[in-house]
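A quick write-up on the structure given underneath.
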There are 2 protein chains.
Amino acid sequence: MSKPTLSKIAATLGLSVATVSKALKDYPDISFATKKKVKELAEKLNYTPNSYAQSLRNQESKIIGLIIPEIVHHFFANIILGVVKAAEKEGYLVITLQSDEKYEVEKKQIELLLNKNVDGILISLADNTVDHKHVKHIKDSGVPVVLYDKISKLINCHKIVIDDEKAAFDATKHLIESGCKKVAHIRGPLKPQTTIDRFKGYKRALKHFNIEFDNNLVFETKNLSFKDGKEIADDIYRNHKDIDGVFAMTDLLATGALVRLQELGLSIPEDISIIGFSNWFLTKITTPRLSTVNQPGYEMGEAAFKMLLEEIDDHKNNRNVIYETVEIPTKVIIRDSTLKH
Amino acid sequence: MSKPTLSKIAATLGLSVATVSKALKDYPDISFATKKKVKELAEKLNYTPNSYAQSLRNQESKIIGLIIPEIVHHFFANIILGVVKAAEKEGYLVITLQSDEKYEVEKKQIELLLNKNVDGILISLADNTVDHKHVKHIKDSGVPVVLYDKISKLINCHKIVIDDEKAAFDATKHLIESGCKKVAHIRGPLKPQTTIDRFKGYKRALKHFNIEFDNNLVFETKNLSFKDGKEIADDIYRNHKDIDGVFAMTDLLATGALVRLQELGLSIPEDISIIGFSNWFLTKITTPRLSTVNQPGYEMGEAAFKMLLEEIDDHKNNRNVIYETVEIPTKVIIRDSTLKH
DNA sequence: CTGAAAGCGCTAACAC
DNA sequence: GTGTTAGCGCTTTCAG
């Protein structure tokens with residue numbers, strides 16, 4: 001019951017291995033009769049080419065690597081799905097690895113993937129990744145690489161991102177246009193670019209509506225956790241009664257604030273509007289349902305794979321590539337935690 | 001800048017390919033001096049073996065396949081993570097594919113994986129999978145396969161499961177022991193085994209406490225959705241005022257019921273206790289926080305990989321295997337939606 | 001202690 | 001139209 005090979009088919013048919021190979025691939029210089037014979041037997045034996053041999057011969061595996069900071073995560077899981085489905089459509093399979101948001105792990109995993117001779121690598125940088133030698137190393141090895149979501153401007157390659165600044169601008173704009181006069185922002189720690197960009201978008205929206213920026217209305221959290229959201233809500237309730245709108249940098253923070261403010265007796269959105277960010281699953285099941293910004297993970301994954309494939313092809317054909325950064329559009333999703341206008 | 005190979009190292013060192021290969025693998029019949037020379041040069045050139053060639057030669061790829069019904073799913077994402085991390089530790093990489101809970105897709109993906117000559121396959125059967133020829137085909141191809149979570153008793157292979165019946169028994173028992181007199185059950189559609197087993201566990205718990213089973217207290221839903229949970233809650237409120245405990249077959253159903261019952265003015269857990277199933281992330285952020293049953297995805301993934309690896313080894317060494325079914329223990333997690341006792 | 005040689009299964013240039 | 005040959009890079013047996 002061992003796997004049929006070209007040589008076995010060749011032997012039973014009294015042909016050469018080369019002829020069988022060509023027959024199966026419909027080379028024009030093989031007679032119709034031979035092709036028929038070969039294909040029939042191959043079919044009957046359930047022949048499939050040995051992929052190791054093909055890879056060795058063709059120097060390509062039709063496998064790509066995907067490094068993701070956190071697999072158990074609504075947004076990132078959507079990215080995985082987008083990549084996997086897009087890849088499958090094009091005959092590629094995906095090896096997924098989790099970097100745990102750690103530079104050291106990321107580095108090791110790049111080596112694993114490179115040693116496996118994958119045809120390309122998709123990677124979202126860990127938050128604490130500052131040095132980029134490891135990504136450089138991928139490029140030096142002649143392996144195409146595409147950065148998605150958390151990128152670095154210092155690396156020259158294709159990139160797939162969302163425009164965090166614009167998305168945050170839109171979210172804040174929605175709050176203001178729906179009637180909020182005093183809009184607070186719950187942000188994350190200083191470092192990652194996403195935090196900075198969303199903060200910038202918030203500020204730009206205020207400016208756009210001629211509202212003076214007030215640093216007392218910006219609340220910084222360490223963990224982006226549900227609990228952090230609740231604590232900020234306490235602070236708002238006690239010390240900033242005049243706040244009537246909150247743009248939180250993640251849905252989890254927003255949900256924490258939403259839950260706590262209601263516990264404290266406020267009505268949402270009548271007393272205070274809240275909008276989150278990411279459109280996580282949980283936004284659909286809060287009471288009231290949370291307005292948010294859709295962060296299109298699936299589409300990003302899809303786009304990232306397509307760009308990678310393009311580069312793989314360019315690479316095979318020795319075309320030189322001009323690196324692009326593609327922005328996937330976001331959209332404000334208005335549910336019930338903000339006022340309509 | 002092309003990849004160094006054994007023959008390049010051999011050439012520059014004036015040795016044969018065979019010697020270099022053996023030196024790198026510390027064969028005892030190579031002199032220390034030669035080993036040193038070879039290793040130093042390999043190190044310097046950053047030599048890594050070509051994995052295609054190794055695979056072809058050794059007939060193994062150190063890659064396994066993982067077929068999962070739904071990637072964007074808290075429980076399944078945890079399984080992926082468990083598999084990926086356990087595999088990485090043993091030098092294996094994981095190709096992940098999503099079957100969309102469809103038999104046809106499942107079948108196609110098994111072929112993809114088999115054609116890629118993976119060393120083994122991990123698969124959770126789609127809900128609508130009834131025929132098992134495709135899994136049989138894996139075994140016939142001589143590729144180890146382990147079933148996890150959604151299994152079939154008709155297939156003879158290693159399996160990793162939780163004891164749904166016992167878990168449901170424990171959940172119901174907790175409700176009864178904490179004082180509930182009339183315990184309802186929200187269940188899913190008839191087919192999947194998990195639904196059946198959890199229903200059985202519910203019934204056994206009633207029996208264990210000498211409570212008569214009442215089919216009017218069993219609510220069947222089609223989609224296991226948040227909305228379904230809400231609708232059942234309406235039904236309970238209108239027609240079954242005496243129900244004081246609910247065991248829902250998923251956290252989402254439980255959350256729907258919890259939200260709706262509170263909207264209707266009931267206090268939880270004072271008027272009615274609710275317990276869910278799976279310990280999804282969302283259970284921690286409901287108000288009150290949802291009691292549930294922990295479904296250990298990470299551990300299942302880990303265990304599934306370990307079993308697969310064992311079988312891969314057995315297979316390599318021509319040991320014949322006795323198939324086992326391993327149960328990963330679950331645990332009732334008491335939070336605030338059920339009474340303490 | 002080292003190397004020659006065979007072979008894993010497939011592809012493609014070239015010869016016949 | 002078909003076959004021969006070489007080779008992808010590595011491992012391992014066997015001879016020296």
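Lettering follows sequence order; numbering is per chain, from 1.
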**Study point:** Residues within residues 54-64 of chain A bordering DNA chain C, heavy-atom distance below 4.0 Å
**Key:** A/Q54, A/R57, A/N58
Point to revise | Rounded interatomic separation in angstrom, taking CG from A/D26 and P from C/dA12 | key: 14 Å
Study note, to complete from the structure: Expected list for residues 8-18 of chain A near DNA chain C, using heavy atoms below 4.0 Å, is A/V17, A/A18
Check your understanding: Given B/L308 and B/Y92, is the side chain to side chain contact (heavy atoms under 4.5 Å, CB included) satisfied, shown in steps?
Key -> CA-CA 11 Å; B/L308 185 63; B/Y92 280 76; over 6 Å; no
Check your understanding: Roughly how far apart are A/I160 CD1 and A/M300 CE, rounded to 0.5 Å?
Key -> 7.0 Å
Check your understanding: Are any side-chain N or O atoms of A/D131 and backbone N or O atoms of A/K133, one a donor and one an acceptor, separated by less than 3.5 Å?
Key -> yes
Practice item. Carefully, step by step, assess B/T129 and B/K107 under the rule side chain to side chain donor-acceptor pair (under 3.5 Å). Key: CA-CA 10 Å; B/T129 293; B/K107 207 167 139 183; over 6 Å; no
**Study point:** A/K159 side chain vs A/S152 backbone, donor-acceptor pair below 3.5 Å
**Key:** yes
Exercise for review: Would you mind checking if B/K150 and B/E101 are paired as a salt bridge, meaning a charged N to carboxylate O distance below 4.0 Å?
Suggested key: yes
Exercise for review: May I ask you to say whether B/K85 pairs ionically with A/D100, meaning some side-chain N is under 4.0 Å from a carboxylate O?
Suggested key: yes
What pairs of nitrogen or oxygen atoms, one from the protein and one from nucleotides 14-16 of chain C, lie under 3.5 Å apart?
none

Review point. What's the CG-P distance between A/L24 and D/dT2, to the nearest Å?
Key: 13 Å
Check your understanding: Between B/D119 and A/Y52, what is the shortest heavy-atom contact and its length?
Key -> OD1-OH, 3.8 Å
Point to revise | Nearest-angstrom distance from the residue atom NZ of A/K25 to P of D/dT2 | key: 18 Å
Study note, to complete from the structure: Within residues 30-52 of chain A, the residues having a heavy atom closer than 4.0 Å to DNA chain D are A/I30, A/S31, A/T34
**Study point:** OP1 or OP2 of C/dC10 under 4.0 Å from side-chain N/O of A/S21
**Key:** no
Practice item. Scan for ring-ring contact (aromatic ring centres under 6.0 Å, His included) pairs involving residues 97-124 of chain A, sequence neighbours excluded, and state none if there are none. Key: A/Y103-A/H134
Check your understanding: Hey, does the side chain of A/K62 reach the backbone of A/S55 with a donor-acceptor pair shorter than 3.5 angstrom?
Key -> no
Check your understanding: Quick one: does A/K139's side chain have a donor or acceptor within less than 3.5 Å of a partner on A/N156's backbone?
Key -> yes
**Study point:** Residue closer to the 5' end of DNA chain C, B/A53 versus B/T19 (nearest nucleotide)
**Key:** B/T19
Study note, to complete from the structure: Partner of B/I80 under side chain to side chain contact (heavy atoms under 4.5 Å, CB included), picked from B/V84, B/V83, B/N78, is B/V84
Practice item. Would you indicate, yes or no, if C/dA12 has its OP1 or OP2 atom less than 4.0 angstrom from a side-chain nitrogen or oxygen of A/Y27? Key: yes
Practice item. Return the set of residues passing salt bridge (charged side-chain N to carboxylate O under 4.0 Å, His left out) with B/K36 (not counting sequence neighbours), or none when no residue passes. Key: B/E40
Review point. Does C/dG9 have OP1 or OP2 sitting under 4.0 Å from an N or O in the side chain of A/T5?
Key: no
